[in-house]
Chemist: 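Mind having a look at this structure? Questions to follow.
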Amino acid sequence: MPTAEAQTRTQDAADRWSFALSGGRRLGLDPRPGRALVMGIVNVTPDSFSDGGLYADPRRAVEHALALAEAGADLLDLGAESTRPAGETYGKGAAAVDADEEWRRLEPVLVALREATPLPLSVDTRKGEVAQRALAAGADLVNDVTALSDPALAEAVAAAGCPVVLMHSRGDTATMKDRAVYRDVAAEVRDELAAALAGAEAAGIDRDRTILDPGLGFAKTAEQSLELLARLDLLAGLGRPLLVGASRKSFLGTASGVEAPAERVAGSLAAAVWAAERGAAMLRVHDVAETVQALAVLRALAAAEETA
């Protein structure tokens, strides 16, 4: 359970983490137990590790996204390029696509959803050109798995003044498995995220617009991903909200012995509840309804503990 110091820090954060969006909307983040926002995953790709190809058709992708919204998603994360890492579980890493192809997949889904729902829309991209187009088309925030490795992406975010997720990783989809070498994974991820924060500020992005993601499964072994989850408090010490994306990932399969990603829902919920109890302000998930239910029970238990 969180220490008293961590609980004080959590309450302070709950009082100040609010992001202004267009149209007078706001995205408020709260790291108190069970208060994490649920980010629903919408993969408009043919090759994502869990549901690649299921929603490659724009109409099906929009229907799926709206179903996630109906199930209780607080925001939606649209991705049109898989960043599936290479490794024993999934074989070769996902093939990169150029900006035009990524935008061809993304544009009709983003435009339709912007008209259909007021929910915040995140775009999962590592390309500045795609981010710029998406923000102009109504996206609210950018989720970058490379923590602004493309200077053009940093420029687009700074110009828009939008929130940005900086995720920790090393290398690319083909090489990151060889770079999962750490003396102390939590401490090194913390330090590298701190460097990413400094880089964002140097690029003109206000620190108050940033969200951090430890990058579970990206340049981490299964054991390292589990250790990062166990030590989230160390990352919370950076003073920024944490997004945790454990949903259906292979490290859960390693821990549970479940091979098929779609059958890792129970393991995903265990990881989500664990993270939500330890300060995660946002959970990126495939299984929205189940996660919303788990968080509701967690909140009820926390309330019962306070009054017992």
Chemist: Please name the pair of heavy atoms, one in Leu27 and one in Pro120, separated by the smallest distance, quoted to 0.1 Å.
Modeler: CD1-CG, 4.2 Å
Chemist: Got Leu234 and Arg231 here, is their nearest side-chain heavy-atom distance under 4.5 Å?
Modeler: yes
Chemist: Evaluate the side-chain proximity of Leu135 to Val123: yes if any heavy-atom separation is below 4.5 Å, no if none is.
Modeler: no
Chemist: Is the shortest side-chain heavy-atom distance between Pro241 and Phe19 below 4.5 Å?
Modeler: yes
Chemist: Test side-chain contact (heavy atoms from CB on, under 4.5 Å) on Val145 and Ser169 and set out the steps.
Modeler: CA-CA 7 Å; Val145 301; Ser169 187; 5.9 Å; no
Chemist: Would you call Leu119 and Leu75 a side-chain contact if the rule is heavy atoms closer than 4.5 Å?
Modeler: no
Chemist: When you look at Glu70 and Leu66, which way does the side-chain contact (heavy atoms from CB on, under 4.5 Å) test go after all the steps?
Modeler: CA-CA 6 Å; Glu70 183 67 21; Leu66 293 177; over 6 Å; no
Chemist: Would you say Arg114's side chain and Thr117's backbone share a donor-acceptor pair under 3.5 angstrom?
Modeler: yes
Chemist: Could you grab the distance from atom CG of Leu283 to atom CG of Leu243, nearest 0.5 Å is fine?
Modeler: 7.5 Å
Chemist: I'd like to know if the side chain of Gln224 and the backbone of Ala180 have a donor-acceptor N/O pair within less than 3.5 Å.
Modeler: yes
Chemist: Looking at every non-hydrogen atom in both residues, tell me the closest pair between Val62 and Ala112 and how far apart they are.
Modeler: CG2-CB, 3.8 Å
Chemist: With sequence neighbours left out, what residues match Arg190 under side-chain hydrogen bond (donor to acceptor under 3.5 Å, both in side chains)?
Modeler: none
Chemist: Of the non-hydrogen atoms in Ala200 and Leu148, which two are nearest, and what is the gap between them?
Modeler: CB-CD1, 3.7 Å
Chemist: Has the side chain of Ser225 got a donor or acceptor atom that lies under 3.5 Å from a matching backbone atom of Thr221?
Modeler: yes
Chemist: Answer with yes or no whether the hydrophobic clustering places Val97 together with Val130; edges join I, L, V, M, F, W, Y residues whose side-chain heavy atoms lie under 4.5 Å apart.
Modeler: no
Chemist: Ignoring hydrogens and angles, tell me if any N or O in the side chain of Asp140 forms a donor-acceptor pair with the backbone of Leu121 under 3.5 Å.
Modeler: yes
Chemist: Here's a test for you: under side chain to side chain donor-acceptor pair (under 3.5 Å), which of Gln132, Glu81, Glu102 qualifies with Thr125?
Modeler: Glu102
Chemist: Distance check, rounded to the nearest 0.5 Å: Leu110 atom CG versus Glu107 atom CD?
Modeler: 8.0 Å
Chemist: Verify, without hydrogens or angle tests, whether Arg240 (side chain) and Leu197 (backbone) share a donor-acceptor contact under 3.5 angstrom.
Modeler: no
Chemist: Quick one: does Ser268's side chain get under 4.5 Å of Leu252's, heavy atoms only?
Modeler: yes
Chemist: Are Leu235 and Leu228 packed together at the side-chain level, in the sense that at least one heavy-atom pair is separated by less than 4.5 angstrom?
Modeler: yes
Chemist: Is Arg170 salt-bridged to Glu188, going by a charged N under 4.0 Å from an acidic O?
Modeler: yes
Chemist: Measure the spacing between CG of Leu68 and CG of Asp74 and express it to the nearest 0.5 Å.
Modeler: 11.5 Å
Chemist: Would you mind reporting whether Glu277 and Leu298 have side-chain heavy atoms less than 4.5 Å apart?
Modeler: yes
Chemist: Between the side chain of Lys249 and the main-chain N/O of Leu216, is any donor-acceptor distance below 3.5 Å?
Modeler: yes
Chemist: Taking all heavy atoms of Val142 and all of Ala131, pick out the closest pair and write down the distance.
Modeler: CG2-CB, 4.2 Å
Chemist: Are Arg126 and Thr146 linked by a side-chain donor-acceptor pair shorter than 3.5 Å?
Modeler: no
Chemist: Should Glu263 and Arg248 count as an ion pair when the cut-off is N to O under 4.0 Å?
Modeler: no
Chemist: For the pair Glu63 and Arg60, find out whether any cationic side-chain nitrogen is under 4.0 Å from an anionic carboxylate oxygen.
Modeler: no
Chemist: Would you call Asp233 and Arg278 a salt bridge, using N to O less than 4.0 angstrom?
Modeler: no
Chemist: Where the side chain of Arg25 meets the backbone of Pro118, is there a donor-acceptor pair that is under 3.5 Å apart?
Modeler: yes
Chemist: By the definition side chain to side chain contact (heavy atoms under 4.5 Å, CB included), identify the one residue from Val164, Leu29, Leu242 that meets it with Ile211.
Modeler: Leu29
Chemist: Hey, what do you get for CE (Met282) to CG (Asp77), rounding to the nearest 0.5 Å?
Modeler: 9.0 Å
Chemist: Any donor-acceptor pair under 3.5 Å linking the side chain of Arg35 with the backbone of Ala281?
Modeler: no
Chemist: Which heavy-atom pair separates Ser149 from Pro151 by the least distance, and what is that distance?
Modeler: O-CD, 3.3 Å
Chemist: Please evaluate residues His64 and Val109 with respect to the criterion side-chain contact (heavy atoms from CB on, under 4.5 Å), reporting the C-alpha separation (whole Å), side-chain torsions for both, the decisive distance (0.1 Å), and the verdict.
Modeler: CA-CA 11 Å; His64 177 60; Val109 180; over 6 Å; no
Chemist: Spell out, as yes or no, whether a donor-acceptor pair under 3.5 Å connects the side chain of Asn43 to the backbone of Thr45.
Modeler: no
Chemist: Quick check on Glu201: does its CD atom have over 12 non-hydrogen neighbours (other residues, nucleotides or ligands) under 6.0 Å away?
Modeler: yes
Chemist: So which atom in Leu269 and which in Ala294 form the shortest heavy-atom distance, rounded to 0.1 Å?
Modeler: CD2-CB, 4.4 Å
Chemist: Please determine whether side-chain hydrogen bond (donor to acceptor under 3.5 Å, both in side chains) holds for the pair Asp178 and Thr175, giving the CA-CA distance in whole Å, both sets of side-chain angles, and the decisive distance to 0.1 Å.
Modeler: CA-CA 6 Å; Asp178 299 320; Thr175 64; over 6 Å; no
Chemist: Listed by chain and number, what are the salt bridge (Lys or Arg N to Asp or Glu O under 4.0 Å) partners of Asp98, not counting sequence neighbours?
Modeler: none
Chemist: How far does CG of Leu229 sit from CZ of Phe251, to the nearest 0.5 angstrom?
Modeler: 5.0 Å
Chemist: Measuring only between side-chain heavy atoms, which start at C-beta, is His168 closer than 4.5 Å to Leu212?
Modeler: no
Chemist: Look at the side-chain heavy atoms of Ile, Leu, Val, Met, Phe, Trp and Tyr, link any pair under 4.5 Å apart, and say whether Trp17 and Met39 land in one connected group.
Modeler: yes
Chemist: Before giving the answer on side-chain contact (heavy atoms from CB on, under 4.5 Å), spell out for Val42 and Asp124 the whole-Å C-alpha distance, their side-chain angles and the decisive distance to 0.1 Å.
Modeler: CA-CA 10 Å; Val42 183; Asp124 182 354; over 6 Å; no
Chemist: Would Arg105 pass as a cation-pi partner of Trp103, given that its NZ or CZ must be under 6.0 Å from the six-membered ring centre and within 45 degrees of the axis?
Modeler: no
Chemist: Kindly state each residue pair satisfying salt bridge (charged side-chain N to carboxylate O under 4.0 Å, His left out) with at least one member in residues 209-226, sequence neighbours excluded.
Modeler: none
Chemist: Grouping I, L, V, M, F, W and Y whenever their side-chain heavy atoms are under 4.5 Å apart, do Trp274 and Val285 come out in a common cluster?
Modeler: yes
Chemist: Is the side chain of Arg284 donor-acceptor paired with the backbone N or O of Gly40 at a distance under 3.5 Å, no angle test?
Modeler: no
